[in-house]
Amino acid sequence: MIPVSDPLLHASAGPDVAVDESQLEELIIDAQTALPFELPALANRCALALGLDTVLIYLVDLQQRLLIPLDEALEPLPVAGSLAGWAYRTVSPRVDDADDGVIVWMPLVDGAERLGVLAVRAVSLDGVRMRRSRMLAHLFAMLITSKRDYSDWLAARIRTATMRLPAEMLRAFLPPHTVGSSKCVSTAVLEPAYDIAGDAYDHSVVKNVLHTMILDSMGHDLASGLTTSVAMAAARNTRRGGGDLADIVGSVDQALAQWLPDHFCTGVMCRLDAETGVLQWVNCGHPPPLLIRADRVLDGALDSRPQPPIGLAGQLAPTARQVHETTLKPGDHVLLYTDGVVEARDTEGLEFGLDRFTDFIIRSYAAGQRPAEVLRLLIHAILDHQRNQLRDDATILLFDWHPHHQ
């Protein structure tokens, strides 16, 4: 096991790794029309053109426990306890000795989202080969992201269980786990992965503004999944039309009242200006957001007067929704969650609880974990607490503001 250091990335290499640029151009053109199941073979062709030996592509499963190879003849690798998993968890390359050379475990990342890892095999390692391995990872991260939206094969490959219809419908609406920019990052998790119905999250970056949302619909069936799906569609429609936060909440209220008048959901919608740190939020009958600053929760910082659930505003409170505002400090974390998180109970009836929930996040940040890894570990801790039998959906969304991040 060889840790990767910066000097290695800038070392020089000999002529044995010269690249045929015309061949590489041909491969990149082929990549545009390659079907998803053809990506493993394409990756090997690209590797040979770059002076590398072979490449294997591993994608993380829905619950982020396994790294699943696109080569169906190979076995998955655990995210916890493997070098491949280490590269995925830390978003850093890892190098391991092999019988006939070395293997570079290179993280596959698209923007802020972790997709999986590449296993790049080479006879030896130098700065040029390392840079080319990284370039290969960037290329295939973009290819996988561009092709997965229309590939049922890729979607099925990262599943380890049969998905129920409500979960299938809702997952079609969910964005990537993680989105963001150099100034802010939002990441989310949702369990149970294959049986979800009423919970949902959404996040999007519009220029320098981060929009986030978490929803919890009444019930746990197809109708509740439809409720959250309509709510998400209405929010996106207004957001993409340039509406502000009050417009977005109002459009969701109207959509549910018009199309699903007997259904409602609780939720929190936020708007963060990543240039100024100004945070606006609307809480519609949901647990209040939590503000974490300097390794502690600021009690009541984002509390607000109760407002009716989404879809009931016209019946219970005909006046406009109240939008609240505060200014974050650099390094602040804002946490949205559904009640299934803190109300998860073990076999003796003990709740996971809000204190344990926030303490886990603070400790994970203190240990240097990235936001996406913090939530991966947290949702697994909640599942373990309830022996993988959640009585209610558990959804968590965490976003950070770091305007001076480099």
Side-chain angles (χ1 to χ4, degrees), residues 64 79-80 85-86 88-92 109 112-114 177-191 201 203 205 210-214 268 270-281 283 286-304 324-344 350-385 394-406:
Q64 299 184 82
V79 170
W86 190 96
Y88 174 81
R89 297 192 311 270
T90 62
V91 195
S92 302
V109 182
E113 185 190 12
R114 304 180 299 179
H177 282 295
T178 306
V179 302
S181 66
S182 60
K183 292 182 172 64
C184 59
V185 172
S186 175
T187 188
V189 290
L190 194 162
E191 283 285 354
Y201 65 85
H203 44 203
V205 178
L210 171 68
H211 291 270
T212 60
M213 176 171 66
I214 195 165
V268 176
C270 301
R271 179 190 188 278
L272 172 64
D273 187 321
E275 290 291 332
T276 65
V278 172
L279 172 68
Q280 295 179 319
W281 79 97
N283 189 341
H286 200 78
L290 300 176
L291 177 58
I292 300 175
R293 176 178 295 161
D295 295 335
R296 70 183 186 91
V297 177
L298 298 188
D299 292 336
L302 301 181
D303 287 356
S304 57
H324 302 275
E325 184 174 303
T326 190
T327 301
L328 300 183
K329 292 186 176 181
D332 279 355
H333 317 291
V334 178
L335 187 61
L336 313 180
Y337 63 97
T338 59
D339 52 15
V341 172
V342 296
E343 293 176 2
L350 179 65
E351 286 189 348
F352 194 81
L354 185 60
D355 289 343
R356 189 188 323 209
F357 173 50
T358 54
D359 183 66
F360 190 103
I361 290 176
I362 290 170
R363 288 178 180 273
S364 297
Y365 268 118
Q369 302 287 1
R370 293 170 177 262
E373 184 63 12
V374 170
L375 292 199
R376 188 190 75 86
L377 294 170
L378 175 57
I379 201 70
H380 290 170
I382 293 168
L383 286 168
D384 291 344
H385 179 78
T395 305
I396 312 166
L397 187 147
L398 176 68
F399 62 91
D400 304 344
W401 185 53
H402 38 74
H404 309 305
H405 180 73
Q406 298 296 325

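Computed from heavy atoms alone, side chains included, the values below leave out hydrogens, waters and symmetry copies.
- The two atoms that bring C270 and L279 nearest to each other are CB-CD1, 4.0 Å, heavy atoms only.
- The two residues S186 and H203 have their closest heavy-atom pair at OG-ND1, 2.8 Å.
- Partners of D355 according to the salt bridge (charged side-chain N to carboxylate O under 4.0 Å, His left out) rule, which considers only residues two or more places apart in sequence or in another chain, do not exist here.
- In terms of heavy-atom proximity, D273 sits nearest to W401 at O-NE1, 4.2 Å.
- The heavy-atom pair separating V268 from P287 by the smallest distance is CG2-O, 3.9 Å.
- Here H286 pairs with nothing under the ring-ring contact (aromatic ring centres under 6.0 Å, His included) rule; sequence neighbours left out.
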Evaluation steps, side-chain contact (heavy atoms from CB on, under 4.5 Å), between I292 and I362: CA-CA 8 Å; I292 300 175; I362 290 170; 4.1 Å; yes
Would you be so kind as to tabulate the donor-acceptor pairs closer than 3.5 Å made by side chains of residues 326-340, with sequence neighbours excluded?
from : atom 1 : to   : atom 2 : distance (Å)
D332 : OD1    : R293 : NE     : 2.9
D332 : OD2    : R293 : NE     : 3.1
D332 : OD2    : R293 : NH2    : 2.7
D332 : OD2    : K329 : N      : 2.7
H333 : ND1    : D400 : OD1    : 2.8
H333 : NE2    : G331 : O      : 3.4
T338 : OG1    : D199 : OD2    : 2.9
T338 : OG1    : T395 : N      : 3.0

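- Annotation for V205 and G180: closest pair CG2-CA, 4.0 Å, computed over non-hydrogen atoms.
- Across all non-hydrogen atoms, the minimal contact from P288 to N283 is CA-ND2, 3.5 Å.
- V79 has its side chain within reach of R89: a pair of non-hydrogen atoms, C-beta onward, lies under 4.5 Å apart.
- Listed by chain and number, the residues in a side chain to side chain donor-acceptor pair (under 3.5 Å) with T178 are T187 (sequence neighbours excluded).
- Every residue two or more places apart in sequence or in another chain was checked for a side-chain contact (heavy atoms from CB on, under 4.5 Å) with A80, and none qualifies.
- The CE atom of M213 lies 15.5 Å from the CZ atom of R271; values are rounded to the nearest 0.5 Å.
- Side-chain contact between I382 and H380: absent, with no pair of heavy atoms (C-beta onward) separated by less than 4.5 Å.
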side-chain contact (heavy atoms from CB on, under 4.5 Å) between E325 and V278, intermediate numbers included: CA-CA 7 Å; E325 184 174 303; V278 172; 3.6 Å; yes
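- Between the side chain of H177 and the main chain of A188, a donor-acceptor pair closer than 3.5 Å is present.
- Checked against salt bridge (charged side-chain N to carboxylate O under 4.0 Å, His left out), E343 has no partners two or more places apart in sequence or in another chain.
- The distance from atom CG of L298 to atom CG of D303, rounded to the nearest 0.5 Å, is 11.0 Å.
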Would you mind writing out the side-chain donor-acceptor pairs for residues 368-379 within the sub-3.5 Å range, not counting sequence neighbours?
from : atom 1 : to   : atom 2 : distance (Å)
R370 : NE     : T90  : O      : 3.2
E373 : OE1    : R114 : NH1    : 2.8
E373 : OE1    : R114 : NH2    : 3.3
E373 : OE1    : R376 : NE     : 3.0
E373 : OE2    : R376 : NE     : 3.2
E373 : OE2    : R376 : NH2    : 2.8
R376 : NH1    : Q64  : O      : 3.0

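- A distance-only check finds a donor-acceptor pair linking the side chain of H385 to the backbone of L350 [under 3.5 Å].
- Contacts of W281 classified as ring-ring contact (aromatic ring centres under 6.0 Å, His included), with partners at least two apart in sequence or in another chain: H324.
- Every residue two or more places apart in sequence or in another chain that forms a side-chain contact (heavy atoms from CB on, under 4.5 Å) with R363 is listed here: D359.
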